[in-house]
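Residue numbering restarts at 1 for every chain, and letters A, B, ... go by the order of the sequence lines. Bear in mind that the values here come from a model prediction, so they are computed numbers and not experimental data.
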Amino acid sequence: MARYNVKENEQKWQAAWDDKGCFQVREDNDRPKYYVLEMFPYPSGRIHMGHVRNYTLGDVVARYKKARGFNVLHPMGWDAFGLPAENAAIENKVPPAQWTRENIATMRRQLKTMGLSYDWDRELATCEPEYYRHEQKMFLDFLANGLVYRKESWVNWDPVENTVLANEQVIDGRGWRSGALVEKRQLSQWFLKITDYAEELLKGIETLDRWPDRVRLMQENWIGRSEGAHVRFQFDGRDGQLDIYTTRPDTLFGASFCAVAANHPLAQELARGNPDLADFIAECNRLGTSEAAIETAEKMGFDTGVKVLHPFIEGHTLPVYVANFVLMDYGTGAIFGCPAHDQRDLDFARKYGLPVLPVVAPKGTDATAVTVGDEAFTDDGLLINSDFLDGLTVPDAKSRVIDRLEGMGIGTRAVNYRLRDWGVSRQRYWGCPIPIIHCGDCGIVPVPEADLPVELPADVDFSGTGNPLARHPSWKHVACPTCGKPAERETDTFDTFFESSWYFARFCNPASNAPLDRAAVDYWLPVDQYIGGIEHAVLHLLYSRFFTRALKKCGYLSVEEPFAGLLTQGMVCHQTFKDAAGKWLLPSQVVFDGDAAKHAETGQPVTLGRSEKMSKSKKNVVDPEAIIGAYGADTARLFMLSDSPPDRDLEWTDAGVDGAWRYLNRLWRLVTENPAPLAAADAARPETMGPAAEEVLKATHKTIDGVSADLEKFHFNKAVARIRELTNAVEGLKDAAPDANWVRRFALETLSLLIAPMTPHLAEALWLELGHEDTLVADTAWPVADPAYLVDDLVTIAVQVNGKLRGTIELPKDCAKDAAEDAALALDKVQSVLEGKPPRKVIVVPNRIVNVVA
RNA sequence: GCGGGCGUGGUGAAAUUGGUAAACACAAGGGACUUAAAAUCCCUCGGCCUUACGGCCUUGUCGGUUCAAGUCCGACCGCCCGCACCA
């Protein structure tokens with residue numbers, strides 16, 4: 001008997017789905033809609049295993065929901081703008097557009113071999129003017145609706161390349177290509193007012209009940225709502241005040257210094273007359289713009305000599321420092337430090353010899369005995385050393401002190417958010433041009449709608465330094481739309497998060513002339529299930545949530561939340577290998593000889609490293625195309641689903657792939673060369689059923705029920721395990737009697753349908769072998785379990801003595817507690833452990849356990 | 001540094017959410033079939049003790065709550081992800 005011919009079958013069934021247009025959809029009000037979306041890929045060159053995992057997960061959901069009768073929208077496209085295309089242009093002299101389009105062609109071809117149920121008619125690429133012209137329009141609408149403004153902000157500047165660097169291009173404070181020390185520079189840039197929606201975005205999280213808790217928590221923390229106060233400290237010996245934000249106004253009596261960010265106006269001003277301070281600020285600015293770099297740097301400060309007056313303590317002054325851990329973007333860029341009750345302040349105070357006065361004592365401790373060691377006390381307690389606040393709890397003291405500050409006119413209650421406005425300007429070529437013209441007379445002028453899209457020029461030169469778009473000889477020169485005088489285009493482009501913040505809405509009708517087809521988005525949105533990597537837990541998802549609200553404000557759509565359900569998948573990992581010289585090796589370059597590994601060609605010994613996320617830099621990658629070529633898409637898909645739950649990391653192993661491959665062949669043989677016969681396709685169910693057949697029949701219904709529940713909850717690995725269990729059960733049913741023959745056919749047909757979302761090609765092949773010549777599994781409804789077969793008459797109950805298992809008893813389901821207790825106590829084992837003494841207590845959990853307490 | 005997560009046999013994992021730890025697989029070992037190999041099929045498979053019956057131990061570490069803890073609470077250790085210009 002022929003083995004299952006993977007290549008032939010996969011091509012055949014892909015063509016069959018294509019011919020019948022199985023996955024092309026349109027709005028249909030007679031069926032419930034279901035929009036499943038996987039995060040679209042950046043076209044980096046070739047698909048990697050992370051894509052295979054992501055798109056397999058989405059496809060299982062899409063095919064399952066389709067079988068359940070939903071009208072399923074399942075589209076795919078390309079997140080096509082981004083830095084790698086520019087790097088390729090610099091390194092390989094390929095124009096970004098060409099590089100990107102070639103990559104898309106390759107990756108589309110690769111994706112198509114996976115047998116994914118996409119409606120390819122809806123494919124889009126964000127780098128096409130056909131796409132980005134709409135986002136230029138949206139930006140102008142945001143501008144008109146007060147959601148856009150311009151402000152100065154800091155960037156990483158490479159003085160050799162004359163270019164702005166992304167954080168990932170800054171390595172140890174130097175430019176990745178030039179090696180030059182990176183500087184911070186201020187540029188005037190466009191911002192979207194995401195902070196206007198801080199409260200709404202925070203509240204909205206509560207409605208996202210089908211998002212993972214951890215992602216909701218991360219978003220909540222990212223928005224970072226805090227309640228506190230603005231306090232104005234009067235300068236001592238100079239005019240003006242220092243405005244600070246604090247969440248701990250209750251600790252004001254313990255204040256021992258104030259600190260401002262290096263780029264705070266006060267610091268800038270003082271630095272003009274103080275070269276040492278200017279040096280210190282320059283030093284701070286070398287840290288780069290990333291928060292991680294700033295926060296992990298050693299805490300340092302510079303005493304400016306300026307002092308402020310304590311608001312409550314007559315004649316008491318506090319020194320003002322410039323400190324590298326104060327962030328200009330948070331609050332007012334200035335703080336007061338209370339070392340006893342904030343760890344960073346304490347470290348700072350110890351370093352610079354500042355006083356440390358405890359003002360909160362843990363409840364129940366003697367106020368006079370409180371001392372501060374190396375650890376700041378940050379819990380609730382009672383106020384001490386604090387005049388009119390003494391004896392109050394922390395929350396009461398906060399309230400009281402703010403009342404007092406407000407009464408004195410030097411402070412206000414304030415809610416602050418950690419969330420900052422979204423800077424969308426990028427000094428790059430390969431992005432969507434920002435549709436703005438700068439006119440010497442008229443200032444900032446939006447590009448008139450009739451002139452959209454502002455298209456990127458194709459003839460750009462990447463050989464020089466700086467932004468190629470800005471250097472282009474003619475592109476930026478235009479007449480001002482208002483006055484007609486010579487003016488210049490904005491040469492910045494949008495952050496690529498801009499494109500990915502609305503693509504899900506465009507998929508509803510990607511051919512629409514309008515940015516969004518209102519009827520289509522009203523029908524399809526929100527996305528019912530979004531699937532992608534956890535690395536997008538905050539930024540992409542938060543920007544999309546904001547963008548959706550902004551689009552609503554501008555009248556484009558009616559939903560607020562774009563993604564009703566979210567599934568975040570783990571990474572695909574693989575063992576790492578290094579050769580004798582310490583260079584990384586591809587898994588395909590390594591052969592195993594027992595436990596020892598050696599180089600496939602040179603025979604040199606290979607060092608085995610631990611398993612890590614597949615990455616090009618460590619070469620621990622397996623090419624999906626090679627796997628699909630050798631084993632087929634179904635094997636790769638099944639392996640992706642089998643052993644690990646989707647949100648956990650997945651370890652790619654050859655052995656695991658073999659296992660999936662062997663299972664598919666086993667199932668194929670079970671249908672095509674089972675020595676026991678099958679009933680005819682139209683045979684009626686036999687009246688009487690023997691116990692063996694009955695058993696498998698029950699198992700089949702239980703499997704339908706279990707797999708359905710697992711798929712609903714995305715427990716794909718458990719669904720696979722259940723399917724394998726049923727396969728084992730069918731294999732064990734070897735009689736050639738009418739009842740067994742009938743059950744065998746029923747079980748095999750059920751298996752074909754249940755496995756179809758995971759291995760769709762094999763499922764079609766099995767279905768055909770089982771005699772269904774006129775129907776496709778892709779168009780067949782999901783099987784329904786008969787509830788009559790789901791319950792067992794007998795249950796096995798564990799019997800414990802003092803929590804230790806001593807035996808089991810079989811009892812009728814839902815039997816009386818007394819009966820269970822009696823049966824448990826009747827066990828010899830229980831009696832021998834009890835040694836004839838009566839039990840002190842017996843706990844009976846119906847249908848589950850009896851615990852005898854001796 | 002801050003925020004989030006994860007940790008169960010040799011390996012990936014399961015455990016109806018507080019109720020029989022290790023389902024389903026992978027690897028390994030043994031056997032059958034075969035001239036041989038591959039493929040396939042069968043058996044064993046957490047640890048220690050025991051000829052056996054069986055007993056004791058076991059979910060990163062330590063402690064706690066409970067009749068009962070992988071699951072809840074506290075402390076600690078290790079690893080991973082994000083930190084606003086990678087996508």
Side-chain angles (χ1 to χ4, degrees), chain A residues 3 39 41-42 44 79 81-84 155-156 164-170 189 194 212-215 217-222 224 289-299 325 329 343-344 418-428 495-497 500 533-540 542-543 570-571 573 610 612-613 642-645 647-651 653-660 662-663 665-666 669 706 709 715 717-718 720-725 728 731 796-808 839-843 845 847-854:
Chain A
R3 270 168 95 180
M39 291 179 183
Y42 178 76
S44 53
D79 187 13
F81 276 136
L83 268 184
V155 294
N156 299 309
V164 175
L165 297 177
N167 284 334
E168 72 156 12
Q169 297 174 320
V170 179
Q189 313 207 58
I194 189 171
D213 286 342
R214 59 172 161 155
V215 176
L217 200 57
M218 279 191 253
Q219 293 224 341
E220 214 173 292
N221 290 331
W222 186 264
T289 57
S290 93
E291 191 176 317
I294 293 165
E295 294 269 339
T296 50
E298 195 194 342
K299 307 282 168 282
F325 62 89
D329 287 318
Q343 193 59 45
R344 271 195 314 203
R418 202 184 75 97
L419 182 67
R420 309 199 298 256
D421 276 333
W422 176 14
V424 295
S425 299
R426 295 292 181 271
Q427 296 68 42
R428 318 232 175 262
D495 176 9
T496 57
F497 276 125
S500 55
I534 183 72
E535 65 274 21
H536 293 292
V538 177
L539 291 180
H540 160 60
L542 193 64
Y543 289 145
M571 299 175 301
C573 300
R610 57 191 201 96
E612 295 185 59
K613 175 185 178 173
S642 290
D643 283 340
S644 297
D647 53 354
R648 223 188 277 189
D649 286 353
L650 177 131
E651 173 74 13
T653 61
D654 293 345
V657 178
D658 277 339
R662 281 203 300 271
Y663 173 73
N665 280 287
R666 197 174 131 217
R669 282 194 308 274
H715 294 170
N717 54 327
K718 287 159 70 178
V720 172
R722 281 185 212 277
I723 287 172
R724 297 185 87 129
E725 273 178 314
N728 293 344
E731 259 179 351
T796 307
I797 293 173
V799 179
Q800 299 181 333
V801 179
N802 293 334
K804 223 169 241 186
L805 186 71
R806 295 297 172 182
T808 58
R840 287 203 290 142
K841 196 172 168 188
V842 180
I843 287 135
V845 181
N847 301 326
R848 195 134 301 167
I849 204 163
V850 178
N851 190 12
V852 180
V853 185

Euclidean distance, atom [atom1] of residue [X] to atom [atom2] of [N] [Å, nearest integer]:
| X | N | atom1 | atom2 | result |
| --- | --- | --- | --- | --- |
| A/Asn851 | B/rA69 | CG | C1' | 13 Å |
| A/Arg806 | B/rU20 | CZ | P | 16 Å |
| A/Glu725 | B/rA25 | CD | C1' | 11 Å |

Would you say the side chain of [X] and the base of [N] hold a donor-acceptor pair, judged only by whether the two atoms sit under 3.5 Å apart?
| X | N | value |
| --- | --- | --- |
| A/Glu731 | B/rC41 | no |
| A/Gln427 | B/rC85 | yes |
| A/Arg722 | B/rC24 | no |
| A/Arg848 | B/rU16 | yes |

Closest listed nucleotide, where the reference is the side chain of [X] and the choices are [options]:
| X | options | result |
| --- | --- | --- |
| A/Arg214 | B/rA27, B/rA14, B/rG4 | B/rG4 |
| A/Asn221 | B/rG19, B/rU40, B/rG4 | B/rG4 |
| A/Asn717 | B/rC41, B/rC26, B/rA14 | B/rA14 |
| A/Arg648 | B/rG19, B/rA13, B/rA87 | B/rA13 |

Base, sugar-phosphate alone, or nothing: which one does A/Ile843 contact when heavy atoms must sit under 4.0 Å apart?
-> base

Between A/Asn728 and A/Arg666, a side-chain donor and acceptor under 3.5 Å | yes

Determine yes or no for a side-chain-to-main-chain donor-acceptor pair under 3.5 angstrom, with A/Gln800 supplying the side chain and A/Val852 the backbone.
-> no

Between the protein and nucleotides 74-84 of chain B, list the N/O to N/O atom pairs that are separated by less than 3.5 angstrom.
from: B/rC80; atom 1: OP1; to: A/Arg610; atom 2: NH2; distance (Å): 2.5
from: B/rA84; atom 1: OP2; to: A/Glu291; atom 2: N; distance (Å): 2.9
from: B/rA84; atom 1: O5'; to: A/Asn167; atom 2: ND2; distance (Å): 3.4
from: B/rA84; atom 1: O2'; to: A/Arg420; atom 2: NH2; distance (Å): 3.3
from: B/rA84; atom 1: N6; to: A/Arg418; atom 2: O; distance (Å): 2.9
from: B/rA84; atom 1: N1; to: A/Arg420; atom 2: N; distance (Å): 2.9

Expressed in whole Å, how much space separates the C1' atoms belonging to B/rC41 and B/rC53?
-> 33 Å

Under 4.0 Å between a side-chain N or O of A/Thr808 and OP1 or OP2 of B/rU20?
-> no

Note: for A/Val720 and A/Leu805 on RNA chain B, the residue whose nearest nucleotide lies more 5' is A/Leu805

Do A/Arg724 and A/Glu731 sit within salt-bridge range, that is, some charged N less than 4.0 Å from a carboxylate O?
-> no

